[in-house]
Visitor: 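Provided herewith is a single structure, encoded as structure tokens, for subsequent inquiry.
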Amino acid sequence: MAKEIMTVNMGPQHPSTHGVLRLVVELDGEIIEKITPHIGYLHRGVEKLSEHRTYHQTLPLTDRLDYLAPMSNNLGYVLAVEKLLGIEVPERAQTVRVIMAELTRLKSHLVWIACHALDIGAMTVFIYAFREREKVMQLYEKISGARMTSNYFRVGGLSADVYDGFEKDVQEIVDTFPGHFDTYEGLLTKNTIWLQRTIGNGVISAEDAIDFGITGPALRGSGVDWDLRRDNPYSGYEKYKFTVPVGEKCDTYDRYKVRLVEMREAVKIVQQALNDLKPGPVLADAPQVCYPPKENVYNSIEGLIHHFKIASEGFSVPEGEVYQSVEAPKGELGYYIVSDGGNKPYRMRIRPPSFVNLGAIEKMAKGAMIADLVAVIGTLDIVLGEIDR
């Protein structure tokens, strides 16, 4: 019997596309024959905007990329600029960065499990995961002043030292979250409907995953043992002990298990970093880049002039180019910056994991039913903010 192909749009206004993603899906009945992703509905232009802003002024643009993991975006950017300048960040600042990066991984994965479960029909997990995420959001607000577009890291360190009670708040998260993970597993891991919707769904082999450039939990779910925090460490990650989980069957269920383990390991890293948090400065000794301490700004005319000079004019960096990547919650997030010696990036190119991972969606979903496409989108854990950068 000849195939009767029907072409339908899924998105860009669709609750399960996790943003303004349009998928042109060609169907034979309910079987997917072809998928063509269409992006660009957000009109971001972050890379071009950065060419007209100083290095400091570009920083707030980065937390709008993956708006579920703003401090991971900030971290990759400041590390790239610090590499250009050859700045050594103080140990305390690096430790706080690790704590906040892993808490960011937690809150990003909590949104993933909440929305992924809701897409497949598990509403209870959605409510529980957002309840736990609120704990991290409150800490975000205390330390940076913002819940989502948080901006706490700076070139050379942090905008300020942690607030009084920070360690107590973090310890509470470390102590209570493993029990919440047990709850999620109790609701999903052996749930018959969850197993039917995820096992054998969205399969992509290790070879294909590497060919497509997939990174993060989606790559590790295909059995590829690769994590930048361990294999190309930054911010002192080489000091911390953690397990990198990998899958075996390369399907949606394996990626689910990988992310669950990653949340547990993130808690362990946060505990180690908290134990390692020592007193000390939180900004590098680099006066050409870093703001002077607040007490110096207002006690001398020179300090005040220096403060406003950096804020308005920025600073110049050596000519050259640099690439720096971090293990963001969704995969490898990289910044490629070209400097012409001025106070603004001559060119900046961002390698967002969501954009690259999305390229494999047809390989993962072709031959499946249209209902399974929802599970494939959820297992990729994409955010359109960084896709339409």
Side-chain angles (χ1 to χ4, degrees), residues 55-56 58-63 65-66 68-109 136-137 139-146 148-163 166-167 169-171 173-174 227-242 262 265-286 289-291 322 324-330 332-335 337:
Y55 283 94
H56 276 311
T58 297
L59 183 57
L61 298 177
T62 63
D63 37 79
L65 295 169
D66 178 359
L68 300 177
M71 289 202 193
S72 295
N73 307 330
N74 295 157
L75 180 58
Y77 174 74
V78 296
L79 286 174
V81 179
E82 287 160 2
K83 183 183 281 190
L84 268 174
L85 288 160
I87 291 178
E88 187 67 34
V89 178
E91 183 181 355
R92 181 174 176 84
Q94 291 207 42
T95 305
V96 175
R97 283 180 176 184
V98 169
I99 292 173
M100 296 310 301
E102 293 308 308
L103 290 178
T104 298
R105 191 179 315 279
L106 273 180
K107 88 181 187 78
S108 177
H109 281 3
V136 183
M137 299 298 283
L139 188 145
Y140 251 63
E141 188 172 14
K142 285 182 181 179
I143 203 167
S144 71
M148 285 197 66
T149 51
S150 304
N151 199 270
Y152 179 55
F153 301 158
R154 293 291 184 273
V155 176
L158 310 172
S159 63
D161 206 343
V162 297
Y163 62 88
F166 169 77
E167 294 179 47
D169 289 346
V170 174
Q171 189 64 56
I173 290 174
V174 169
D227 189 309
L228 288 171
R229 295 172 296 171
R230 182 198 63 195
D231 301 316
N232 191 15
Y234 52 90
S235 297
Y237 266 107
E238 63 274 8
K239 298 186 298 184
Y240 305 108
K241 295 180 180 179
F242 58 97
E262 283 193 8
E265 294 302 312
V267 169
K268 293 178 184 177
I269 294 172
V270 170
Q271 181 66 79
Q272 293 175 63
L274 203 57
N275 295 341
D276 196 42
L277 189 59
K278 301 179 179 65
V282 294
L283 269 179
D285 184 13
V289 176
C290 303
Y291 296 156
V322 68
Q324 175 67 46
S325 57
V326 297
E327 188 67 40
K330 295 167 178 61
E332 180 181 346
L333 171 65
Y335 290 86
I337 300 176

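Numbering of residues begins at 1 and proceeds along the displayed sequence. Since the structure is predicted, the reported quantities are computational estimates derived from the model, not experimental observations.
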Visitor: Run the numbers on Asp63 and Thr149 for side-chain hydrogen bond (donor to acceptor under 3.5 Å, both in side chains), then give the verdict.
Guide: CA-CA 6 Å; Asp63 37 79; Thr149 51; 4.9 Å; no

Visitor: For a quick test of reading the model, state the closest non-hydrogen atom pair linking Tyr77 to Tyr55 and the distance between them.
Guide: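 It is OH-O, 2.7 Å.
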
Visitor: Could you pull out all residues at least two apart from Arg92 that satisfy salt bridge (Lys or Arg N to Asp or Glu O under 4.0 Å)?
Guide: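 Arg92 satisfies salt bridge (Lys or Arg N to Asp or Glu O under 4.0 Å) with Asp161 only.
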
Visitor: Can you name the closest pair of heavy atoms from Val174 and Val270 and give their distance?
Guide: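 Looks like CG2-CG1, 3.6 Å.
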
Visitor: Phe166: what forms a ring pair (Phe, Tyr, Trp, His ring centres under 6.0 Å) with it, not counting sequence neighbours?
Guide: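 Ring pair (Phe, Tyr, Trp, His ring centres under 6.0 Å) check on Phe166 returns Tyr163.
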
Visitor: If the condition is side-chain hydrogen bond (donor to acceptor under 3.5 Å, both in side chains), which residues does Gln171 pass it with, not counting sequence neighbours?
Guide: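 Applying side-chain hydrogen bond (donor to acceptor under 3.5 Å, both in side chains) to Gln171 gives Asp175, Gln271.
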
Visitor: As an exercise, state the distance from CG of Asn74 to CE of Met100, rounded to the nearest 0.5 Å.
Guide: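 The CG atom of Asn74 sits 10.5 Å away from the CE atom of Met100.
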
Visitor: Test of understanding: with ring pair (Phe, Tyr, Trp, His ring centres under 6.0 Å), list the residues that count as partners of Tyr237, not counting sequence neighbours.
Guide: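 Per chain and number, Tyr237 pairs via ring pair (Phe, Tyr, Trp, His ring centres under 6.0 Å) with Tyr234.
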
Visitor: Check whether Phe153 forms a cation-pi arrangement with Arg97 (NZ or CZ under 6.0 Å from the six-membered ring centre, at most 45° off the ring normal).
Guide: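 The answer is yes; both the distance and angle limits are met.
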
Visitor: Under the side-chain hydrogen bond (donor to acceptor under 3.5 Å, both in side chains) test, which residues partner Asp66, sequence neighbours left out?
Guide: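 Scan of Asp66 (side-chain hydrogen bond (donor to acceptor under 3.5 Å, both in side chains), adjacent residues dropped) gives Lys330.
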
Visitor: What residues form a side-chain hydrogen bond (donor to acceptor under 3.5 Å, both in side chains) with Asp231, not counting sequence neighbours?
Guide: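 With sequence neighbours excluded, Asp231 shows a side-chain hydrogen bond (donor to acceptor under 3.5 Å, both in side chains) to no residue whatsoever.
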
Visitor: Using the test side-chain contact (heavy atoms from CB on, under 4.5 Å), find all partners of Ala328 that sit at least two apart in sequence or belong to another chain.
Guide: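 Testing Ala328 for side-chain contact (heavy atoms from CB on, under 4.5 Å), a comparison that skips the adjacent residues, returns Ser72, Leu333.
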
Visitor: The criterion is side-chain contact (heavy atoms from CB on, under 4.5 Å); which residues satisfy it with Ser144, sequence neighbours excluded?
Guide: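 Applying side-chain contact (heavy atoms from CB on, under 4.5 Å) to Ser144 gives Met71, Ala146, Ser150, Tyr152.
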
Visitor: Tell me, please, which residues at least two apart from Tyr140 pass side-chain hydrogen bond (donor to acceptor under 3.5 Å, both in side chains).
Guide: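 Tyr140 satisfies side-chain hydrogen bond (donor to acceptor under 3.5 Å, both in side chains) with Thr104 once adjacent residues are dropped.
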
Visitor: Can you list the residues that meet the side-chain contact (heavy atoms from CB on, under 4.5 Å) rule with Glu141, with sequence neighbours excluded?
Guide: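 Counting only residues at least two positions away or on another chain, Glu141 forms a side-chain contact (heavy atoms from CB on, under 4.5 Å) with Arg147.
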
Visitor: Please check if the side chain of Glu82 supplies one atom and the backbone of Gly156 the other of a donor-acceptor pair under 3.5 Å.
Guide: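 At least one qualifying donor-acceptor pair exists.
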
Visitor: Not counting sequence neighbours, which residues clear salt bridge (Lys or Arg N to Asp or Glu O under 4.0 Å) with Glu102? List them please.
Guide: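 Once residues adjacent in sequence are excluded, the partners of Glu102 under the salt bridge (Lys or Arg N to Asp or Glu O under 4.0 Å) criterion are Arg105, Arg229.
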
Visitor: Could you list the residues that satisfy salt bridge (Lys or Arg N to Asp or Glu O under 4.0 Å) with Lys268, not counting sequence neighbours?
Guide: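 Checked Lys268 against salt bridge (Lys or Arg N to Asp or Glu O under 4.0 Å); matches are Glu265.
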
